[in-house]
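A quick write-up on the structure given underneath.
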Amino acid sequence: SVSRLRRVIGADGVETTDVGYLLRADVDLVEFERLVSLAPTVGDVAARAALEKAVVLWRDDPLAEFAGERWAEPARRRLAELHAAAVEDLAVLQLDAGDVPAALVATRALVEREPFRERPRALLMRALAEGGRRGSGGTRPSHPLCTITDRRRRSVRSSADIMTLPPCSNWSGPIAS
C-alpha cells in the first residue's frame, strides 16, 4: 500500500497528485547530471566538490541494462560524453589547485578508456609535467607523436628514411599544457 511505501522511503518520497501518485526518488543518474550542471555556475572550490561527488556516483557504463536497445543508445552516448567532460573539468580544477596525483589518476583512466580523445591526453601531459615527470613512467616519453614515429621507424627500410624521422626514443621537447 502507499502508506507502507511512505513509511519505507519517507513521506516526501510519494506525492499525491490529481491523477494518482508520483514517486520521488533520488537516482544516481539524475544527481550526477545535477552536480555536473552545477559546477560551471559556482567557484572553483565548490565546482571541484560538485564534480568529485558526481564522479563518485558514476559506475561503469550508463544504463548498461539497456545496452543494445536502439532507444537507449543516444542517452548512453550523451551520458558517457558528459562523464568524460566532467572528469576532464575535474582534472583541470585539480591541476589548478596543485593536486597532481588526483589529476594523474583521473586522466590516465580516461586516456585508457578513450585513447583518441585529445583533451585527456593534453591534461595527462600537463599533469606529468607539473609533477616533474616528462614521461609516463617508462623510458619512453608520453608524447603521442612518439608512438606513431616509433612505429614508422620499425617499418622503414633504408637508413636515409630513418634519418628523416625525429628521435622520439630520446625526445625531450616541451610538453604543451
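- When all heavy atoms of Leu110 and Ala84 are compared, the closest pair comes out as CD2-O, 3.7 Å.
- Across all their heavy atoms, Phe66 and Glu73 have their closest contact at O-OE2, 4.1 Å.
- Considering only heavy atoms from C-beta on, Leu95 stays 4.5 Å or farther from Val92 through its side chain.
- Salt-bridge check for Arg119 with Asp89: passed, with a basic side-chain N closer than 4.0 Å to an acidic carboxylate O.
- Taking a cutoff of 4.0 Å between a charged side-chain nitrogen and a carboxylate oxygen, Arg6 and Glu15 do not qualify as a salt bridge.
- Ionic pairing of Arg76 and Glu69 is not present here: no N-O contact between side-chain nitrogen and carboxylate oxygen is shorter than 4.0 angstrom.
- In this structure, CG in Leu57 is found 5.0 Å from CG in Asp28, a value given to the nearest 0.5 Å.
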In sequence, state the C-alpha distance, the side-chain angles, and the governing distance for Glu112 and Arg108, and then conclude on salt bridge (charged side-chain N to carboxylate O under 4.0 Å, His left out).
CA-CA 6 Å; Glu112 286 177 16; Arg108 276 191 174 137; over 6 Å; no
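- Between Leu104 and Leu128, the closest heavy-atom pair is CD2-CD2, 3.7 Å.
- Under a 4.0 Å N-O distance rule, the pair Arg78/Glu33 qualifies as a salt bridge.
- Under 4.0 Å is where a charged nitrogen must lie from a carboxylate oxygen, and between Glu52 and Arg48 at least one such pair does.
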Starting from the C-alpha separation in whole Å, work towards a yes-or-no answer on side chain to side chain contact (heavy atoms under 4.5 Å, CB included) for Met125 and Glu130.
CA-CA 9 Å; Met125 287 188 280; Glu130 289 182 16; over 6 Å; no
Mind running side chain to side chain contact (heavy atoms under 4.5 Å, CB included) on Lys53 and Phe32 for me, showing each step along the way?
CA-CA 8 Å; Lys53 287 178 186 173; Phe32 171 81; over 6 Å; no
